[in-house]
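Report on the following structure.
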Amino acid sequence: VQLLESGGGLVQPGGSLRLSCVASGFTFSKYTLTWVRQAPGKGLEWISHITGDGKNTYYADSVKGRFTISRDNSKSSLFLQMSSLRAEDTAIYFCAKDRREDSSYPHFDSWGQGTLVTVSS
Amino acid sequence: DIVMTQSPDSLAVSLGERATINCTSSQSVLWDSNNKNYLGWYQQKPGQPPKLLIYWASTRASGVPDRFSGSGSGTHFTLTISCLQAEDVAVYYCQQHYSNPPTFGQGTKLEIK
């Protein structure tokens, strides 16, 4: 299993960014995928996940209305569209795969290396 | 939301000794229908993503050394490292997946004394 995130970078407050995670090594459409972030020197924060069929999405209150999770099962890809970015969104963003098939309550047996998002003027 | 609280926040243990990390959930994460606790433990070394160590509160993930063990049920859980090795220096997190949103403990930093 491999997960490879991309799309991070420096963005001004109020700006937008789209993160991608390309997966391989498993049947992509069978698994819930999740974005977890980690602010510098801080702990892990779940921010969003999407079920394998893409029909159900979940968001943390801290990002609801600003971030949108999506997936393209034909390309084994996960996305996070981030808008109205704030300084407190500065973090490493990890994509993570659920250990179980067809679950809406994920825990994570595979993680990408993460992509750094910095929100600063 | 279920709040996960770990103790201690940091811990220093001598090589070869036992390390114990506790995790408490604000409500039970035991699913009655299958008698499973929806609780996992992760290890995160500096500059690396987290790694799943334990799931169902006490089942070791593939490739995890048997010096790592998990125990507990309901709302109180423990991760034990029976014989600390230098490579076990890391931050450890518990996580519940009993209900959405999934939530993590704040982390416990484990160091060598």
Side-chain angles (χ1 to χ4, degrees), chain A residues 1-5 8 19 21 23 25-26 31-51 55-64 67 69 91-116, chain B residues 1-7 9-10 21 23 25 27 29-31 33-34 36-64 70 77 90-110:
Chain A
V1 173
Q2 286 196 329
L3 300 167
L4 183 62
E5 303 96 337
L19 305 184
C21 174
F26 63 99
Y31 291 88
T32 288
L33 291 172
T34 300
W35 289 99
V36 175
R37 70 183 180 185
Q38 187 169 38
K42 301 299 184 182
L44 301 171
E45 180 188 13
W46 166 87
I47 57 171
S48 182
H49 69 263
I50 184 169
T51 53
K55 291 182 179 178
N56 296 297
T57 58
Y58 305 82
Y59 296 93
D61 289 344
S62 58
V63 306
K64 198 173 294 181
F67 291 10
I69 192 170
I92 297 172
Y93 286 72
F94 297 101
C95 68
K97 169 190 163 290
D98 197 347
R99 190 183 65 81
R100 299 170 298 163
E101 291 184 12
D102 300 322
S103 167
S104 295
Y105 302 91
H107 60 302
F108 316 109
D109 67 347
S110 298
W111 298 68
Q113 289 297 312
T115 187
L116 177 62
Chain B
D1 298 4
I2 297 177
V3 177
M4 308 300 291
T5 304
Q6 293 180 225
S7 63
D9 289 333
S10 63
I21 299 170
C23 175
S25 56
Q27 63 188 76
V29 298
L30 175 63
W31 201 272
S33 63
N34 60 10
K36 290 185 182 294
N37 287 283
Y38 283 53
L39 188 286
W41 288 97
Y42 300 84
Q43 174 193 64
Q44 187 180 30
K45 297 181 180 181
Q48 296 185 19
K51 172 188 174 183
L52 180 65
L53 293 177
I54 302 284
Y55 58 94
W56 298 142
S58 61
T59 302
R60 273 187 300 276
S62 176
V64 174
F77 301 91
V91 179
Y92 293 84
Y93 297 92
C94 60
Q95 180 235 334
Q96 67 80 20
H97 56 106
Y98 177 89
S99 67
N100 284 321
T103 46
F104 292 92
Q106 80 276 17
T108 295
K109 186 175 184 179
L110 177 58

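All values below come from the heavy atoms of this structure, side chains included, with hydrogens, waters and symmetry mates left out. Here is the naming used below: chain letters follow the sequence lines, and residue numbers restart at 1 for every chain.
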Count the heavy atoms belonging to other residues, nucleotides or ligands that lie under 6.0 Å from NZ of B/K45, then report whether that count exceeds 12. yes
Tell me whether the count of non-hydrogen atoms from other residues, nucleotides or ligands lying under 6.0 Å of CD in A/Q2 goes above 12. no
Out of A/R100, A/K42, A/E45, return the one with the most heavy atom pairs under 4.5 angstrom to chain B. A/R100
From B/Y55 OH over to A/R99 CZ, what is the distance, rounded to the nearest 0.5 angstrom? 4.5 Å
Are the side chain of B/Y42 and the backbone N or O of A/F108 linked by a donor-acceptor pair below 3.5 Å? yes
Close side-chain approach of B/Q44 and A/L44, heavy atoms under 4.5 Å: yes
With heavy-atom distances below 4.5 Å as the criterion, would you say the side chains of B/N100 and A/Y105 are in contact? yes
Minimum-distance pair of heavy atoms, taken over all atoms of A/W111 and B/P49: CB-CB, 3.7 Å
Using non-hydrogen atoms only, which part of B/Y38 is less than 4.5 Å away from chain A: side chain, backbone, both, or neither? side chain
Closer than 3.5 angstrom, by distance alone: can the side chain of B/Q95 be matched with the main-chain N or O of A/P106 as a donor-acceptor pair? yes
May I ask you to name which of B/A61, B/P101, B/P50, B/G107 has the most heavy-atom pairs under 4.5 Å with chain A? B/P50
